Structure formats: structure tokens, C-alpha cells
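Below is one structure, written out as C-alpha cells; comments come after it.
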Amino acid sequence: MVPETLKWDPSGESLLLLDQRTLPSVVRYVTCCNYHQVAECIENLTVRGAPAIGIAAAYGLVLASSEGIDLVRKAAVRLASTRPTAVNLFWAITRMTNLAERIKETAGMKKMLLEEANAILNEDINSNISIGKNGQGLLPPSCRVLSHCNAGSLATGGYGTALGVIRAARESGKQLTVFLDETRPVFQGSRLSAWEMAMDGFDVTVICDSMAASLMKTRGLDAVIVGADRIARNGDFANKIGTYGLAVIAKEHGVPFYVAAPSSSIDSSVISGEDISIEERSSEEVRVLPGGIRIPDEIKVWNPAFDVTPALLVSAYITDRGVFRYPFFFDDH
Ligand code: MRU
């Protein structure tokens, strides 16, 4: 069974985060006793994936709440500064701070914020199950499917969005063959998605990101399914770098390209993808190659963590609210 992405430890009053930096070689949890540690874990990718970082931030605010509203406000600013692209982070922080502002008094605040963080976690899992149910019908009875990055159990409260649709398709009796892009530079596809799919007994094959076009042309593919970090009102969306290229390739080869995401990934305040802020991460992620080989420092590196795929390339959105086809018009959650 895939280990839980994150869990609250009531005895230690702490948040335990599955360390996604060391998977699949080392399975261990990092203990966070305060919001500073949670923020650091979001920044350094101990916990990653749009819904998962929102849930982690919610528990980070629980940790801050024992000292009252002032610290909750401070923690909210710090947690919101960790990663700019996934809207789920800001959605969860807003939901938690709105509640804290309504309560104001320190007594009882922690208990109520903990209940809210637990609710965010449980709603995310239920939302993923709905996404799976809504999306599985799009896949044929025998299906070769490709996914990118990790939009699975490890990126969410559990079950997953894109990988949740694949899980639901199998639960409904379909035969799935799963391909995973390795997803340079952090390898979320090969280290995380392939691992969690293999653990669940799927027929899994890892390919380099550059092999997707050849896979579609020479061996055939029935669908591409990816997650999303932020969906604009017009249906443009940001996801892990490489998603845009995959959508272009899928269109060229007539392969349906699906995006699976919860309502908390929709940002209706953003009109189009042009207005989505794209995180640029340290050049070290690209510079240091597996095995420790290093691209010389005098060579420049560009490392955007996400890209934006235009709505026109999306065959359908699969959300907890249902399946949507172009033209898209997403309003608030
Ligand atoms: O940088 P990461 O690993 O946090 O990026 C994650 C992704 O891009 C996922 O595909 C996305 O968050 C969807 S997760 C359900």
C-alpha cells in the first residue's frame, strides 16, 4: 500500500510528512513541530504536489494557532511565500485564516483549526474519488495511458487525481497499461508515480520525457492524463514543466489529453494562463545529474518548475464536479 503523504500526530502535536526527496530508496517521515519547519518542507519538496502542499500548510497553521491569532497571521504570510504556482496552497491558507479570524480568541482555536485541517484532508480524498468516478468512463476497456510528474496519492491527501482516474478505471474492470514520463529535473514520474503505481500492482513502464512522441507514434497510446497546479477561468492551466510539450505532441498524434484536478485547483480570478505566476527553482536541480556529475558553473541553467498549457489543447477536464469540454468557463469553487 502507498504510504500516507502526511499525517497529524496527536500525541506529539506535530505533522508527519512523508519525505518525497528520498523516495523510493528510503521511506521515512519528517516531523514538523512548528510552521517554520512546514514551510521549509514545502520549499524543499519534502512534501510536493498541489493539493498536498495546501493540506500541509493547513496543518502548519494549526501548529501556529496555539499562540493565537497574531502567530496564525504571521504563519500564513510565511507559508504563502513558499511556492507561487499551485493555487491549492493559497486556497487552503485562506480557508484556515478566515476561520481563525472568525474565532479570534486563543482558547479553543487550535482544536477548531485542527478540525478544519482534517476536513480539508478528508474532502481532498473524497474529491479525488469523485474525480476517478467521473473520469474513468473516458478510458477504453483496454487502455494504454501516459502520465507526467506525480498527480497520485503522494501529491494529494490520497488516491490521486490523474492517477486516481487510472485507479478508478481498473476498479471498474478495465485493463490498464501505464506509462510514466520520468519528469526531469526532480523525477517525480519515475521516483514517485511509477513507484506508487507499481506498489498497487499496475503494469508500469518509465520513459524519458523525450520519448513520449515516439511512444505515441510507434507503439500507440489511448490517452494522456495529467494533474494541474492552477486552472485559469478560460481553461489554460499550469502544471509540471513538460506538460505543455506533451499536450502539443498528443494533439499531433490524435491522442486525447485529459486534465484531472479538484475544484481547489481552479483560480477564477485568473482570466488566462498568461497571468499564472511560474516558479523558477534553483539551477542546482538541473546542474547536478544523477550519479553526482555536475554541469560546470559557467554554463547557465534555466529551471522553470511549471509551464502553461492552452485550453485548446485540453480534450476534457475531469473534476469532482464532472467532465468539462472546450470552451471552458470555470467559476469559483
Ligand atoms: O513541483 P511539484 O512536484 O510540486 O509539481 C507537482 C505537479 O506539477 C503535479 O502534477 C500537480 O501538482 C498536480 S498534483 C495532483
Side-chain angles (χ1 to χ4, degrees), residues 2 5-6 17-21 23 41-57 82-92 121 123-125 127-132 135 146-167 180-197 209 224-231 237-247 257-267 276-282 285-286 303-309 314 317-320:
V2 184
T5 307
L6 73 190
L17 295 173
L18 181 65
D19 191 345
Q20 301 202 25
R21 298 166 303 174
L23 293 176
C41 283
I42 295 172
E43 274 167 350
N44 69 22
L45 308 184
T46 301
V47 61
R48 34 68 49 206
I53 62 175
I55 300 163
T82 52
R83 300 195 72 189
T85 304
V87 72
N88 316 62
L89 175 69
F90 305 94
W91 171 85
L121 170 62
E123 284 169 26
D124 185 61
I125 298 169
S127 169
N128 293 339
I129 291 168
S130 300
I131 290 169
L146 171 67
S147 192
H148 186 68
C149 192
N150 174 263
S153 174
L154 296 168
T156 64
Y159 200 71
T161 55
L163 301 191
V165 173
I166 293 172
R167 288 191 165 97
L180 278 323
D181 275 349
E182 61 182 359
T183 318
R184 283 278 296 149
V186 181
F187 299 100
Q188 291 95 331
S190 52
R191 291 190 305 106
L192 306 177
S193 292
W195 184 63
E196 71 164 84
M197 290 272 93
D209 301 348
V224 175
I225 309 184
V226 297
D229 284 82
R230 193 183 291 242
I231 302 166
F237 75 104
N239 193 51
K240 178 53 55 192
I241 190 75
T243 303
Y244 171 42
L246 204 50
F257 181 86
Y258 300 121
V259 183
S263 302
S264 57
S265 298
I266 296 169
D267 182 357
I276 299 177
S277 163
I278 298 295
E279 176 182 12
E280 286 196 25
R281 293 187 60 85
S282 163
E285 286 182 352
V286 175
N303 185 20
F306 301 94
D307 57 24
V308 172
T309 300
V314 178
Y317 271 97
I318 307 163
T319 79
D320 44 306

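This is a predicted model, so every value here is computed, not measured. Order of appearance sets the numbers: ligands from 1, and atoms from 1 within every ligand.
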Any atom of ligand 1 sitting under 4.0 Å from a heavy atom of [X]?
X: A86; value: no
X: V186; value: no
X: Q20; value: no
X: A305; value: no

Any N/O of [X] closer than 3.5 Å to an N/O of ligand 1?
X: R48; value: yes
X: T161; value: no
X: A50; value: yes
X: G49; value: yes
X: R83; value: yes

Selected option - heavy-atom contact closest to atom 13 (C) of ligand 1, from C149, P262, A261, A228: A228
Under-4.0 Å salt bridge between D267 and R230: yes
With a 4.0 Å cut-off, would you call E279 and R281 a salt bridge? yes
Protein heavy-atom partner closest to [atom] - residue, atom, separation in Å:
atom: atom 5 (O) of ligand 1; answer: K240 CE, 3.3 Å
atom: atom 7 (C) of ligand 1; answer: D229 OD1, 3.3 Å
atom: atom 9 (C) of ligand 1; answer: N239 OD1, 3.5 Å
atom: atom 14 (S) of ligand 1; answer: A155 CB, 3.6 Å

Q188 contact mode with ligand 1 (heavy-atom cut-off under 4.0 Å): side chain
Which one holds for N150 and ligand 1: side chain close, backbone close, both close, or neither close, with close meaning a heavy atom under 4.0 Å? backbone
Mark yes when over 12 heavy atoms from residues, nucleotides or ligands other than Y159 sit less than 6.0 Å from its OH; otherwise mark no. yes
Short side-chain donor-acceptor distance under 3.5 Å, [Y] and [X]:
X: T46; Y: N44; answer: yes
X: S263; Y: D320; answer: yes
X: N303; Y: E285; answer: yes
X: N88; Y: S265; answer: yes

Specify the closest pair of heavy atoms between [X] and [Y], including all atoms of both residues, with the distance to one decimal.
X: L163; Y: M197; result: CB-CE, 3.9 Å
X: E196; Y: L154; result: OE1-N, 3.0 Å
X: L246; Y: L146; result: CD1-CD2, 3.7 Å

Need the ligand 1 atom indices (1-based, order shown) with element for anything under 4.0 Å from a heavy-atom of A151. 14 (S), 15 (C)
For P51, take its heavy atoms, then give the atoms of ligand 1 lying under 4.0 Å from any of them. 14 (S), 15 (C)
Using the ring of each side chain (for Trp, its six-membered ring), is F257 parallel, tilted or perpendicular to F237, with breaks at 30° and 60°? tilted
